[in-house]
Chemist: 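The structure's right below; bear with me while I get my questions together.
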Amino acid sequence: MSKSVRVRFAPSPTGPLHIGGLRTALYNYLYAKKHQGTFVLRIEDTDQNRFVEGAEDYIVESLNWSGIPYDEGPGKEGDFGPYKQSLRKDIYKKYVGELLEKGNAYYAFDSTESLQEMREEAESRGEKFAYGPQNRLSLDNALKLSSEEVQKRIDSGETYVIRFKTLPAQKLFLKDEIRGHIEVDTSVLDDKILFKADGLPTYHMANIIDDHLMEITHVIRGEEWLPSLPLHVALYEAFGWDAPKFAHLPLILKPNGKGKLSKRDGDKLGIPVFPLEWTDPKTGTQAMGYREGGYLPETLINTLALLGWNDATDKEFYEIDELIHRFELKRVHKSGAKFDPEKLKWFQQHYLQQADLDGLVAEFEEILKEKEIQTQTSYTKEVVRTIRERAVFVSDFWDLSFFYFASPQEFDKKSAKKAWKSTTSDLMSEFVDFLSTLNDFSEENLEKEVKNWISSRDLGFGKVMQPLRLSLVGAMQGPSVFHIAASIGQETTLKRIHKAIHHFSE
Ligand code: GLU
C-alpha cells in the first residue's frame with residue numbers, strides 16, 4: 001500500500017503573503033484533499049534577520065479567509081510538531097551532527113571578510129566565486145585540519161559555519177512531477193552552508209530535515225526553488241533518506257507576460273497582490289488586500305486555481321469541491337501564468353451572483369447604516385435581489401440602488417435633455433393625477449394600468465416612461481421603473497414626480 005499523502009506549505013514569515021504563495025498553498029491543499037491526505041502548514045522562521053512582526057498571523061489569517069484550512073500546523077498540533085522551525089532548533093543540531101560524522105559536512109572557519117575578498121577578486125577576473133570541490137582544500141576549514149585542531153578552534157569560541165560536502169563530479173537524476181526528468185552534474189554545485197554562525201540551520205537544512213521528519217510525500221512549491229532541488233536531493237542521499245516527490249509551480253507573471261507580478265504592477269492596475277491588507281510594521285506603508293478590496297474568497301481561489309493549471313476543458317468557474325476532484329499535478333503548466341485583470345473582474349461578478357443573499361444584505365446594511373438610512377431587512381433584501389446582477393462588488397450596491405432609499409439629489413443633464421421636453425411637465429401632471437387614483441400599487445398592476453393609460457392616450461411609451469424614470473432615479477439607469485415605483489410606494493412616487501415637474505418648470 002502506498003503511503004498516505006502528506007504535503008506542506010512552508011512559508012517564511014518575512015512579510016505579507018504574495019498571491020503566488022497563496023496559490024502554492026492552494027495547490028498543496030487541492031492535492032492533499034484529492035488524495036485524502038494531510039495538508040501541513042510549517043512556518044520557516046530560521047532566518048532571524050528577515051523576521052517580520054505579524055507575518056505569521058497574516059499567513060494563518062490569509063489561509064483561513066481564502067478557505068484553504070490546514071490540517072496540522074501552528075495552533076493545530078498534530079503528531080509531527082512543533083510546526084515552527086524556531087521551536088525545532090535542537091532537532092536540526094542532531095541531524096547536522098550525523099552528517100559531520102558521516103563526512104558529508106564539515107566545519108569552515110573562513111571569515112566573512114576573507115570570503116568577501118575572494119568574491120571580489122574572482123569578480124575582477126570576470127568569474128564567480130564558489131566554495132566547493134575545486135577550491136575547498138585551500139580554504140580555512142576542517143577538511144585540511146586535524147580533528148584536535150578543529151575542536152580547539154571551536155572551544156576557543158571561534159565562529160564557524162557547517163558546510164555540505166558536495167560530491168565532486170557526480171550525476172544526479174532528478175524528477176519533477178511537472179517538468180519531467182532533469183539531469184544535474186554536481187560539479188556545478190557549491191558547498192552550501194547548512195548551519196550558520198548564529199547556530200541556526202539554513203533554509204536548505206531545516207527544510208529537508210522537516211520534510212523528512214514530517215513524512216512529507218510531495219513537495220509542491222514555487223519555481224524559484226528549482227535551483228535548490230539538486231542540493232536537496234543530494235542531502236537526502238547523504239542522509240540515506242528517500243526523497244519526496246517534487247513539483248515546481250510556474251511563476252505568476254504580469255499581464256503582459258514580462259516578468260513576475262509585483263506589488264508595483266498591482267498598484268498600477270489597482271489590483272491587490274496580497275490576500276489581505278497589510279501594513280508594514282516598520283515603515284507603516286500599506287498594501288491592498290483582496291478581502292478589503294471587496295473580493296470574495298471564491299473569486300481569488302478560482303483565479304489562482306486557473307493561474308497555472310487547467311483540466312483540459314473550457315470550464316471557467318469552479319467550486320472548491322470540483323477543484324479538489326479535478327486537480328492533477330500533471331496538468332500544471334510549465335511556463336509562467338499571465339495574470340488577467342479582466343478575468344478577475346469577471347470571476348468576481350460571477351461569484352457575487354452566487355453568493356448567499358443574506359450575507360450580501362448584511363454587508364450592504366452596514367453601508368446603509370453609515371449613510372444613516374433606516375430600512376427594513378426584507379426591503380433591502382428585495383433591492384439587493386433586484387440589482388445584484390449589475391454589481392461586481394457589494395460596494396457597487398449603493399450607486400445601483402440609492403433611489404430605493406432616497407430621492408435623487410439631482411437630475412442628470414444629458415438624460416434630462418432627452419427625456420423632459422417642453423410639453424412633459426403638463427403630461428406628467430396628468431399622469432400624477434392618474435397615478436393617485438390607483439388603489440393597487442403593486443408592480444404588476446402598475447405596469448398594466450400605466451401601459452393602458454399610455455395606449456389610451458395614443459402616446460409613445462417613452463414619452464411617459466422616460467420622464468418617470470428621470471423623476472424616480474435622476475438618470476436613465478436602474479431596474480424596471482415599475483419595480484422602483486412599487487417599492488418606494490405611491491406617496492413617494494408622486495412626491496418625486498412633483499419634485500421633477502417643479503424642477504423642470506423653473
Ligand atoms: N520557506 C520557503 C519559502 O519561503 C519554502 C520553500 C519550500 O517550499 O521548500 O518559500
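Start at 1 and go down the list; that is how both ligands and their atoms are numbered. FYI, the numbering just counts along the sequence from 1. Just so you know, these numbers come straight off a predicted model, no measurement behind them.
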Chemist: Do the rings of Tyr107 and Phe109 sit parallel, tilted or perpendicular, given the 30° and 60° boundaries?
Modeler: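 Tyr107 and Phe109: parallel rings.
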Chemist: Taking only residues at least two apart or on different chains, which pairs with a member in residues 68-81 satisfy salt bridge (Lys or Arg N to Asp or Glu O under 4.0 Å)?
Modeler: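 Passing the test, one end in residues 68-81: Arg6-Glu72, Lys33-Asp71.
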Chemist: List ligand 1's nitrogen or oxygen atoms that come under 3.5 Å of a protein nitrogen or oxygen, with the partner atom and distance.
Modeler:
residue: ligand 1; atom: 1 (N); partner: Ala10; partner atom: O; Å: 2.8
residue: ligand 1; atom: 1 (N); partner: Ser12; partner atom: OG; Å: 3.0
residue: ligand 1; atom: 1 (N); partner: Glu44; partner atom: OE1; Å: 2.7
residue: ligand 1; atom: 4 (O); partner: Ser12; partner atom: N; Å: 3.3
residue: ligand 1; atom: 4 (O); partner: Ser12; partner atom: OG; Å: 3.1
residue: ligand 1; atom: 8 (O); partner: Arg8; partner atom: NH1; Å: 2.7
residue: ligand 1; atom: 8 (O); partner: Arg8; partner atom: NH2; Å: 3.3
residue: ligand 1; atom: 9 (O); partner: Arg8; partner atom: NH2; Å: 2.9
residue: ligand 1; atom: 9 (O); partner: Tyr203; partner atom: OH; Å: 2.8
residue: ligand 1; atom: 9 (O); partner: Asn207; partner atom: ND2; Å: 3.1
residue: ligand 1; atom: 9 (O); partner: Arg221; partner atom: NH1; Å: 2.9
residue: ligand 1; atom: 10 (O); partner: Trp225; partner atom: NE1; Å: 3.3

Chemist: Please enumerate all residues that pass ring pair (Phe, Tyr, Trp, His ring centres under 6.0 Å) together with Phe129, with sequence neighbours excluded.
Modeler: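 Counting only residues at least two positions away or on another chain, Phe129 forms no ring pair (Phe, Tyr, Trp, His ring centres under 6.0 Å).
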Chemist: For the aromatic rings, using the six-membered ring if either is Trp, is the centroid distance between Trp346 and Phe317 under 6.0 Å?
Modeler: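 Yes, they do, as the ring centres are separated by less than 6.0 Å.
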Chemist: Taking the ring centre of each residue, are His232 and Tyr236 less than 6.0 Å apart?
Modeler: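 Judged by ring-centre distance (under 6.0 Å), His232 and Tyr236 do not meet the cut-off.
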Chemist: Mind checking side-chain contact (heavy atoms from CB on, under 4.5 Å) for Glu56 and listing every partner two or more places apart, or none if nothing turns up?
Modeler: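 Result, side-chain contact (heavy atoms from CB on, under 4.5 Å) vs Glu56: Pro13, Ile43, Pro74, Lys84.
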